[in-house]
Asker: 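Pasting a structure here, questions to come.
What you see below is based on every heavy atom in this structure, not just the backbone, and it leaves out hydrogens, waters and symmetry mates.
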Protein chains: 2
Amino acid sequence: MGSPENGNDVLAKSTVPLVSTKPEPVAASVTALETADNASDTKDLEPEWRQRAVSRSLNAARSRAEKRAQRFIDAAFSLMDEKHTTEFTIQEVIDRSKQSLRGFYQYFDGKEELLLALFEETILEATDDISALVDQQTEPMERLHQFTVRLHEWCEASETKRKRGAHDRRPISEFSVQLAINNPERVRLAMSPLFRMLVELLNDATAAKLVAVANPRHTSMLMMQTIMYSWFGNRLMDGPLSVITAEEAWDFCVYGLRS
Amino acid sequence: MGSPENGNDVLAKSTVPLVSTKPEPVAASVTALETADNASDTKDLEPEWRQRAVSRSLNAARSRAEKRAQRFIDAAFSLMDEKHTTEFTIQEVIDRSKQSLRGFYQYFDGKEELLLALFEETILEATDDISALVDQQTEPMERLHQFTVRLHEWCEASETKRKRGAHDRRPISEFSVQLAINNPERVRLAMSPLFRMLVELLNDATAAKLVAVANPRHTSMLMMQTIMYSWFGNRLMDGPLSVITAEEAWDFCVYGLRS
DNA sequence: AAAAGCCGGCAATGGCATTCTCAAATTTTG
DNA sequence: CAAAATTTGAGAATGCCATTGCCGGCTTTT
């Protein structure tokens, strides 16, 4: 995986904690709460070194925690790559990551949280990747087009197509539907960077009078669905001869039935 | 695995396990197969009453079986209406249908088969309903339009919208995705009447030069997805203020980004 | 009315997620 | 450094369900 430290402004705001880090037991905070309304004053009165020490300690703890959580996530990704499904057991994740069951539940509220984390991670990667690609274009329509094609790839990506050591993303694509049903809010949040990008691209194209949509957000969503879940339609057509390609999805989005 | 409820016409020709008892007839049929082209002669030589008797017996058995199976299905539908999910337990189905666990597994290979049955039933109902509506129109585009709006309703249909004692179909819509992932072939088969209707409507519109699509089947599938699963997008947008309506889906399908 | 197959009730099995327990290991603190 | 506090590992225990097995009564057939 590439360096995840891409300081994208748009993303920064909506970044959701990958792991549910259990609130660190900061003993001092208990006493601080008694003088709630002047908490900042209290802080200022404390020697700076103390804050830094606490901060360092917390950072150390967080770093350790992140490393541990990451091992679970890596194990899960590798299991998915092998089994092409999200139906691995927690036990398998434990075994592969060489950590303990207890540890797992310390870092994730349950299996769904783990899958959500995988989903978030994937969306972030995809957003970076697509963003970089789109930025190579200047024409609004071409930017939209690139967005479409690449996003389609990300969601379709079968084992044979994977490049750059990326993971098999089909299992996640598949499970994302389930996720969206049980936990729409989280999924919405996770997808928002991607969604925001699309809305922007669409707005740009509209401004340039290259397209005309009544409601950019609604249209974006319809487009997003069409692109991301065309694999679903493929499952439902006979023969592998008939496969909806990225270009077909694109044409459908742009021209509808007038293609 | 052979499901016990295969009352399929195609299968009727082969030996039916329900009443015929001995394995000997199988051996006989093997020899009969050697002289394949006079198989019908052989049939004619059997006394007709015998065939009718067997047939009547089978029909009776089938009828009884169907009634029993139907009770499971009714119970499942009613549970879905109440719980708004397919996550009821088999035990609940048993209790409500006042039948036995044993009976359940005699008629369905498992829970997935039951859900598949609900799905099939729903699709058939929907197809009839939509078909009747579409046939009230003569203009190809209006036919397509009606198809779209009504199908959207069928898939979206929340409790508040239900009429005519129809069931809450959201749980099935939701689960159909899962179903399509685990069992694409069955789902494809179940959806084929609906799919065929859409392809025809689209072909008619194309013939009338009202639309122009490169690949009717692919476009139909994209359209179908857009219509049937726009509820999915709704889950992913903030606030219930923003809801993709049937008309929006229709516009998107027809005009794409040029609406 | 005996034989044969069907059926209801219900206990048993098995897979898996999630929790619980406890003692060893590690970190923090005085 | 050593006691106290916290984290962690190992894995047993629990709970939920789907699915199977078993047996004694109940029809239907012969």
Asker: List in chain and number order the residues that pass ring pair (Phe, Tyr, Trp, His ring centres under 6.0 Å) with Phe104(B), two or more places apart in sequence or in another chain; answer none if no residue qualifies.
Answerer: Phe72(B), Phe108(B)
Asker: How would nucleotides 12-18 of chain C be written as a contact map, 5' to 3', with B for base contact, S for sugar-phosphate-only contact and - for no contact, using protein heavy atoms under 4.0 Å?
Answerer: ----SSB
Asker: At a heavy-atom distance below 4.0 Å, what parts of residues 173-185 of chain B sit against DNA chain C?
Answerer: none
Asker: Residues in side chain to side chain donor-acceptor pair (under 3.5 Å) with Gln99(A), at least two apart?
Answerer: Arg68(A)
Asker: Sequence neighbours excluded, which residues qualify as side chain to side chain donor-acceptor pair (under 3.5 Å) partners of Ser176(B)?
Answerer: Tyr229(B)
Asker: Okay, side chain of Asp81(B), backbone of Asp168(B): is any donor-acceptor separation there less than 3.5 Å?
Answerer: yes
Asker: In chain order, what residues pass the side chain to side chain donor-acceptor pair (under 3.5 Å) check against Glu125(B), with sequence neighbours excluded?
Answerer: none
Asker: Only pairs at least two apart or in different chains count here, so list each salt bridge (charged side-chain N to carboxylate O under 4.0 Å, His left out) that has a residue in residues 86-97 of chain A.
Answerer: Glu82(A)-Arg96(A), Lys83(A)-Glu92(A)
Asker: Just to confirm, is there a sub-4.0 Å distance from OP1 or OP2 of dC7(C) to any side-chain nitrogen or oxygen of Gln106(B)?
Answerer: yes
Asker: With a 4.0 Å cutoff (strictly under), does any side-chain N or O of Arg68(A) reach OP1 or OP2 of dT7(D)?
Answerer: no
Asker: For Arg102(A), check salt bridge (Lys or Arg N to Asp or Glu O under 4.0 Å) against everything at least two apart and list the hits.
Answerer: none
Asker: Nearest-Å distance, NZ (Lys98(B)) to P (dC7(C))?
Answerer: 19 Å
Asker: Check nucleotides 21-24 of chain C against the protein and report each pair of N or O atoms closer than 3.5 Å, with its distance, or say if there are none.
Answerer:
none

Asker: For the pair made of CD1 in Ile94(B) and P in dT20(D), what is the distance, rounded to whole Å?
Answerer: 13 Å
Asker: Output the distance between atom CG (Leu179(A)) and atom CG (Leu116(A)), rounded to the nearest 0.5 Å.
Answerer: 4.5 Å
Asker: Measure from NZ or CZ of Arg169(A) to the centre of the six-membered ring of Trp154(A) and say whether it is under 6.0 Å with the direction within 45° of the ring axis.
Answerer: yes
Asker: Going by side chain to side chain donor-acceptor pair (under 3.5 Å), name the residues that satisfy it together with Ser230(A), two or more places apart in sequence or in a different chain.
Answerer: His152(A)
Asker: Indicate yes or no: at least one non-hydrogen side-chain atom of Ile244(A) is less than 4.5 angstrom from one of Met221(B).
Answerer: yes
Asker: What is the distance, rounded to the nearest whole Å, between atom CD of Gln99(A) and atom P of dT7(D)?
Answerer: 16 Å
Asker: Test: salt bridge (charged side-chain N to carboxylate O under 4.0 Å, His left out). Region: residues 175-185 of chain B. Which pairs qualify, not counting sequence neighbours?
Answerer: Glu185(B)-Arg188(B)
Asker: Return the angle between end axes of the helix from dA1(C)-dT30(D) to dG30(C)-dC1(D), with five pairs used per end and rounding to 10°.
Answerer: 0°
Asker: Are Leu198(A) and Leu194(A) close enough that some pair of their side-chain heavy atoms sits under 4.5 Å apart?
Answerer: no
